[in-house]
Every structure is written in C-alpha cells, then in structure tokens.
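No experiment lies behind these values; they were computed from the predicted model shown.
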Amino acid sequence: MKIIHLLCLLFIAVIAKAASPVEALLERIDKGASDKFIIEQIKSPVDFFELDQKGNKVVIRGNNPVNIAAGLNWYLKYHAGIHLSWNGMQAKLPEVLPAVTQKERHETDMKYRYDFNYCTYSYTMAFWDWERWEKEIDWMALHGINLPLAMVGTDGVWYNVLKKLGYNKDEINEFIAGPGFQAWWLMNNLEGWGGPNPDSWYKQQITLQQRIVKRMREYGIEPVFPGYSGMVPHNAKEKLGLNVSDPGLWCGYHRPAFLQPTDPRFQEIASLYYKELNKLYGKANFYSMDPFHEGGSVAGVDLDAAGKAIMQAMKKNNPKAVWVAQAWQANPRSQMIENLKSGDMIVLDLFSESRPQWGDPESTWHRKDGFGQHDWIYCMLLNYGGNVGLHGKMAHVIDEYYKAKESSFGKTLRGVGMTMEGSENNPVMFELLTELPWRPVHFDKNEWLKNYTIARYGKANPTVQEAWILLSNSIYNCPPENTQQGTHESIFCARPSDHPYLVSSWSEMSDYYNPDDVIRAAAMMVSVADQFTGNNNFEYDLVDIVRQAIAEKGRLVEKVVEASFASGDKQLYNAATNRFLQLLLLQDELLGTRLEFKVGNWIARARSLGNTPEEKDLYEWNARVQITTWGNRNAADKGGLRDYAHKEWNGILKDFYYMRWKTWFDYQNELLDGKKPTAIDFYALEEPWTKLTDSYSSEPEGDCISTVKRIFAEVFEQ
C-alpha cells in the first residue's frame, strides 16, 4: 500500500508539473529548461514576484502564473543576460544558471497590465496563426500582461447573431469586414470592406480564438472580449423595424447604425449577442465597448440611457463583469459614463504619453475631472498604422507615469497598458512600459537603458550604450507637448508632391530631433557590428537603426531635389533625383536581410490562411490594400486613408514607392523642359499593385552584417 501511495503522489506531482504554465513556457524557450528552476506559487493579496536560490536551482516565486512569468523574465534579463523579444522567443540557457545571490522581491499595486488596441488586430495580427499567437501569449505573460483585448473570432459571433435575426449569408458578409479591416468594423466605423469572407474564414478564426483564450486562461490572463454596445447593420431599421440613429460617415465609409437604448429590442439583441459569445468562448469578466468611436454622431441619442443600457446588458450576462472603454478624442462621452457605478468600468487613457485625459492640465485633451469615479489605466500608444520607424518619449513616459501616480487622480489609477495601433516594432519602448509597474519609485532613464542593452545583447559594450543614450536623447526624446501620431515618417513612403513632408494625413509630424544624431548612432552600431554576428536582437536593431539613418539621408536629399527644381537647374535636379532613387533601392536591399522588414512575410502570412487559390488571393488583396490605398478611391483620397498604414519594407519600396517617385520625377522633368504633362492620378497608379499576386520572398536575403556595412559605407562614406 505504501508503494501505491508513493506512486500516486509521484503521479500527482508529475501532473502538477506538466500543468504548470510557467514550466511549459520554459520548455518552449529551451527544452529541458524547466529542470533548472523551481517554480513556487504562493497566495498573496499583493501582486509580487521573488527571485531566490535553492542549491543549484533558481527559484521564481509569485502569487499567480503571470507574475511568476514576469519574475522569470526579470531573472533572464538582469541575471542571465537573455532578452526574449517578439521575434526571438527561444534562447539557449547556460548549463548552470547564474545564481541569485540575494533574494529579490518586486511588488506592484498596479492590478491591471493591459495590452492591445483594436487596430493592432488588423495592422499587425490580421493574419496570425496559432504558432505566432502562442509566442505572443508567452511574451505577454513574461511581461506581466494580465488584461489583453481578445477580439479574434468575434466575426463568428456576429455571423451567428445575424443569422438568428433573419439575415442571410450574403447580407451578413455585406456587414462583416474582411480580415485586414475588422478593427474598424468592430469599432463601429465601417461595414463589409475587405469582404466577403469565405465560410472557412469564420471556422478558422473561431478555432483559433478558442485556443488563444484557453492558453490565456491557463496563465490566469483575463481576456477582454468585445461586448455589445448597440451596433447593428445599416439596414436594421428596414430589415428588423428597429429604432436606430445614424452615426454618419467615417473617412468616407458609412458607419453601422446605432440601436437606440429605448428600443424594446435592445436588451433582447444584446442578450442574443452575449449568448452566442458565451457559447463559443465562455463568459469573460471584462468587455470592451466604444460606441461613437472617432467622431460618430450622437445626434438624437440619450447618452445617459445608452450607457445604462449597455451596462445593464453586460451585467445581465455576468454581474461581475467590468466595462473597458477607450479614452480617445471625445470618447467615452462623459454623459454616458457619469452615472455609472464606481468599479463597473475601467477607462484606457489611450494616448497617455502625449494627450492624457486622466486630469493632467497640460494636455490638449485635458479632462478637468479625469474619469470621475472610474478606474483608469495609463497607456502608451506610440505607434500608428503599424508604421516603421524609431520613435518614443522615453524619459517622458517614465515621468508622466509617476506624475499620474502621485497626483490626486492616482487614487483611481489601476495599471499600465500598451495600446499601439501596430506592434512588432520599437521593442525598447514596450520593454520600458511593462517594467513601470514593478518599479515603485522614479528611476533614471540612462541607467535603465544601459542595463537594457546588456540584457538585450547579452554583454556590455560601451559603444552600443553610447549609441542608445544618443538615440534616447534625440529620436526617442520626442517633446512632451508633441502630439504627432507615431514615428517620424520616411520620405521614401510619401506620395510625391512639390513639397512632400507627411506620409499619412493625420501624422502631425514635426522635426523634433537632429537627423545627424541618428546617423552618428547608426555609425556607432555599425562600428561594433562584427562583435555581435549572429546575435538576433543586435542584428534586428542594427538594421532598424541604419534604416532610420538612410531615411534621414533621403529626406536631406529630397530637399536638394526641391531646391534644384525651384531654381530650374536640370543637371542638379537629375543628379539629386538619381541619388534619391539609389538611396531608396539601397534601403530596399538593406531591409531584405531581415524577415521582419519584408513585405513578402506579410503577404505570405496572409496567403497561408487561405484554403483555395481564391481565398489566398482575397487575403493577399486585404494585405496589400491595407498598407497602400487602405480603401477605395473615395476613402483613400477624400477620406484621407491612403498611406496611413504605409510600411518601409523590402519589396514594396522597390515596386511601389520607387514607381511613384520615378513617375513624379519624370513628370517634373517634363515641366523643366517647358512641356505641359497631364497631372498624375496617383490612385490610378497605386491600385494595380493591390490586385497583383506576384510572389515576394519571405526569406531573409544576404548576410546581415556584411550587407549593412557595405550599404552604410555607400550611403555615408562616399
């Protein structure tokens, strides 16, 4: 009996070990790695992690799997010199781990660590499969994320809801957007664009979301599902006899209708929505709802009643549920939330680093009373449209967080969040943001950055540290009052004109740093590149920083183009335009050395989700349109959406952006010759590329370090 009892205990221990999400994570990082650690989960009312030592094993201790994973990441970075990033989630751990010589404990009173913007799901994640999602969920856990938006497969919920309301398949597909545009459909901005979706799309996304949610819940991560906020198809009045209001247009697209909260069927349709959502993915404790997002008309709507109706429907589904709302422009409308109970809502202060609404009087979007009685989260938006480029407010993000925490509005501050429109960029800024909750007092940016470079590259290097400090004081030191939408855009991606500056319509970009600083930092990184051959993190950063330097050079050369045209100096004009086009092609070659900067990777991901040639072509069209014209002619030009999600990537540079610039330079050459050429119809030039199905390589081309050194010398040392 004693042997049977011991075997039972052993079996239970093995099951417990196999069931530990952090140990499973360790095995995905490095097979066999879980044997080198002791993972201990301890009950505590306070979120914490501890690093400790028992014999030759490192102990990671915490009060739940996510906090334990955050502790593991802290250990890997600051004790083992291993930095796991979104494009490198595996590492070879040393045979004997560096010992934790003194127990280290980190606590946080920031209960929620939020992740994602609706836009992230389209600009970055539209074509992700489970393999990519598994890495992302592991990354979230390692960075302490416990409250992410989870909107994959919401289209399947809506399909079932509309079917039960009497819509046929064609009508449903006229409402639900295609894979590259679902973010704006779910934010009530448009209908149908990018579709119609094949039946297989809904099935695939439902299966994928079920796997995503299952893994999140294993970690104890709470998914935030899109809830019901009154959205119905534009023809719901005619089709169903509903009392609706018209929120108007968004960038040339008709928005879905808004079901009036006083309509007797509001609660019925909301209940049907939650029933179908629960059936597929289970109940959640958090639901995201943003009616009238980005300028939606509220004419004829009782906002107080609307807020109460939305809350009532959510609470009927789950009395413990919390409404998560994005603070963006006028949303959430104060009349909609002022009479809702404290504790029932969390507001994401979406752009805290530039236009905070929590109560900072210096903000252009200042709300005098902040979010009133409601809890809120300090968020960093950082990136718009998934645009490529170095950018950030490194010191200010730190300063503003502690300022908010120590202000009178700090009593309702409940966490930090990443609300980027596009991810897979600027890893330094996301690393910084996710560490804030675990650092109880204000810390020095330069000291943090030095430690970051050691962790990221696995060793200290004074030249690398100097380069990053220089960047942190220039391109990563965007002034606090600057409200530009993300990165300083690359001139190569701009639609040509007499005086090109912005790429996207709303960037609000301004010259806030010296381009020579970026070029000097790039030169420093290039000078030590041979010491980091094969280092994934270094090679990615090297290409990104040199890319930025070449983009800066391109902007300087374009000024010569403008001046030579204005003076009528055709010889100089031709020399300058040839140099500009040469730089663009060198940029294309540089970016081809890394998978992350290839349009072929984006397109390959899209095509891989298709089951038939027709499906593959539809998904590729979604992928191509989103990063170029974005919409049809009306939305692209009059709606201002073209180039919003532009990408400085290999492949599209030489085939799309080069074509635009060459056409423009030829046009201006004719003007210099005294001719009167026909004005260029840029949309007519751009649209054909969106319909192609040319194959772009999704594999890196050329040796990274040697290619970088050669191109850098050609651009800057001639």
Geometric class of the [Y]/[X] ring pair [parallel <30°, tilted 30-60°, perpendicular >60°]:
X: Tyr253; Y: Trp250; answer: parallel
X: Trp376; Y: Phe371; answer: tilted
X: Trp438; Y: Phe49; answer: tilted
X: His391; Y: Tyr512; answer: perpendicular
X: Tyr228; Y: Trp158; answer: tilted
X: Phe181; Y: Trp630; answer: perpendicular
X: Phe116; Y: Trp133; answer: perpendicular
X: Phe597; Y: Tyr540; answer: parallel

Atom [atom1] of [X] and atom [atom2] of [Y]: how far apart are they, to the nearest 0.5 Å?
X: Leu348; Y: Gln326; atom1: CG; atom2: CD; answer: 6.5 Å
X: Arg132; Y: Trp130; atom1: CZ; atom2: CH2; answer: 12.0 Å
X: Ile469; Y: Thr453; atom1: CD1; atom2: OG1; answer: 8.0 Å
X: Asn601; Y: Glu596; atom1: CG; atom2: CD; answer: 8.0 Å
X: Met420; Y: Thr124; atom1: CE; atom2: OG1; answer: 7.0 Å
X: Lys111; Y: Asp47; atom1: NZ; atom2: CG; answer: 9.0 Å

When the aromatic ring centroids of [X] and [Y] are compared, is their separation below 6.0 Å?
X: Trp365; Y: Trp328; result: yes
X: Trp323; Y: Phe286; result: no
X: Tyr123; Y: Tyr118; result: no
X: Tyr274; Y: Tyr287; result: yes
X: His83; Y: Tyr452; result: yes

Is the shortest side-chain N to carboxylate O distance from [X] to [Y] below 4.0 Å?
X: Arg255; Y: Glu294; value: no
X: Glu50; Y: Arg105; value: yes
X: Asp544; Y: Arg547; value: yes

Which residues pass the salt bridge (charged side-chain N to carboxylate O under 4.0 Å, His left out) test with Asp109, sequence neighbours left out?
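If we apply the salt bridge (charged side-chain N to carboxylate O under 4.0 Å, His left out) test to Asp109, skipping adjacent residues, the hits are Lys405.
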
Does Asp115 have any salt bridge (charged side-chain N to carboxylate O under 4.0 Å, His left out) partners at least two apart in sequence or in another chain, and if so, which?
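Partners of Asp115 by the salt bridge (charged side-chain N to carboxylate O under 4.0 Å, His left out) criterion come out as none, since no residue qualifies.
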
According to salt bridge (Lys or Arg N to Asp or Glu O under 4.0 Å), does anything in residues 428-443 pair up with another residue at least two apart or in another chain? List the pairs.
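Only Lys77-Glu431, Lys77-Glu435, Glu435-Arg439 qualify under salt bridge (Lys or Arg N to Asp or Glu O under 4.0 Å).
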
Can you list every pair that meets salt bridge (Lys or Arg N to Asp or Glu O under 4.0 Å) and has a residue in residues 369-385, with sequence neighbours left out?
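The answer is Asp375-Arg414.
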
Is a side-chain donor or acceptor of [X] paired with a backbone partner of [Y] at a separation under 3.5 angstrom?
X: Glu421; Y: Thr120; answer: no
X: Asn64; Y: Asn67; answer: yes
X: Asn425; Y: Gly422; answer: yes
X: Glu353; Y: Leu382; answer: yes
X: Gln357; Y: Arg367; answer: no
X: Lys393; Y: Pro480; answer: yes
X: Gln373; Y: Glu338; answer: yes
X: Asn383; Y: Asn387; answer: yes
X: Gln182; Y: Ala177; answer: yes

Please find the pair of heavy atoms, one from [X] and one from [Y], that lie closest to each other, and give the distance.
X: Gly417; Y: Ile377; value: N-CG2, 3.5 Å
X: Gly153; Y: Tyr281; value: O-OH, 2.8 Å
X: His488; Y: Gln548; value: O-NE2, 4.1 Å
X: Leu390; Y: Asn426; value: CA-OD1, 3.6 Å
X: Leu72; Y: Leu142; value: CD2-CD2, 4.0 Å

The test is side-chain contact (heavy atoms from CB on, under 4.5 Å); show your working for Ser229 and Asn188 and say whether it passes.
CA-CA 9 Å; Ser229 62; Asn188 310 186; 3.9 Å; yes

Who pairs with Arg215 by side chain to side chain donor-acceptor pair (under 3.5 Å), at least two apart in sequence or on another chain?
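Partners of Arg215 under the side chain to side chain donor-acceptor pair (under 3.5 Å) test: Glu134, Glu218.
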
Suppose we screen for side chain to side chain donor-acceptor pair (under 3.5 Å). Which residues come up paired with Trp468, at least two apart in sequence or across chains?
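Residues passing side chain to side chain donor-acceptor pair (under 3.5 Å) with Trp468: Tyr457.
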
Other residues, nucleotides, ligands: >12 heavy atoms within 6.0 Å of [X] [atom1]:
X: Lys403; atom1: NZ; answer: yes
X: Lys450; atom1: NZ; answer: no
X: Lys283; atom1: NZ; answer: yes

Could you go step by step and tell me if His366 and Asp360 meet the side-chain contact (heavy atoms from CB on, under 4.5 Å) rule?
CA-CA 6 Å; His366 168 235; Asp360 185 345; 5.6 Å; no

Would you check if Asp129 and Leu208 make a side-chain contact, meaning some heavy-atom pair closer than 4.5 Å?
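No. Closest side-chain heavy atoms not under 4.5 Å.
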
Face-on cation placement of Lys647 at Trp649 ring, 6.0 Å and 45° thresholds
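Judged by the rule (NZ or CZ under 6.0 Å from the ring centre, within 45° of its axis), Lys647 counts as positioned above Trp649.
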
Ser85 vs Arg456, side-chain contact (heavy atoms from CB on, under 4.5 Å): CA-CA, chis, key distance, verdict
CA-CA 9 Å; Ser85 197; Arg456 182 148 175 87; 3.5 Å; yes

Verify side-chain hydrogen bond (donor to acceptor under 3.5 Å, both in side chains) between Asn477 and Asn473, making sure each step is shown before the conclusion.
CA-CA 5 Å; Asn477 190 31; Asn473 292 325; 5.1 Å; no

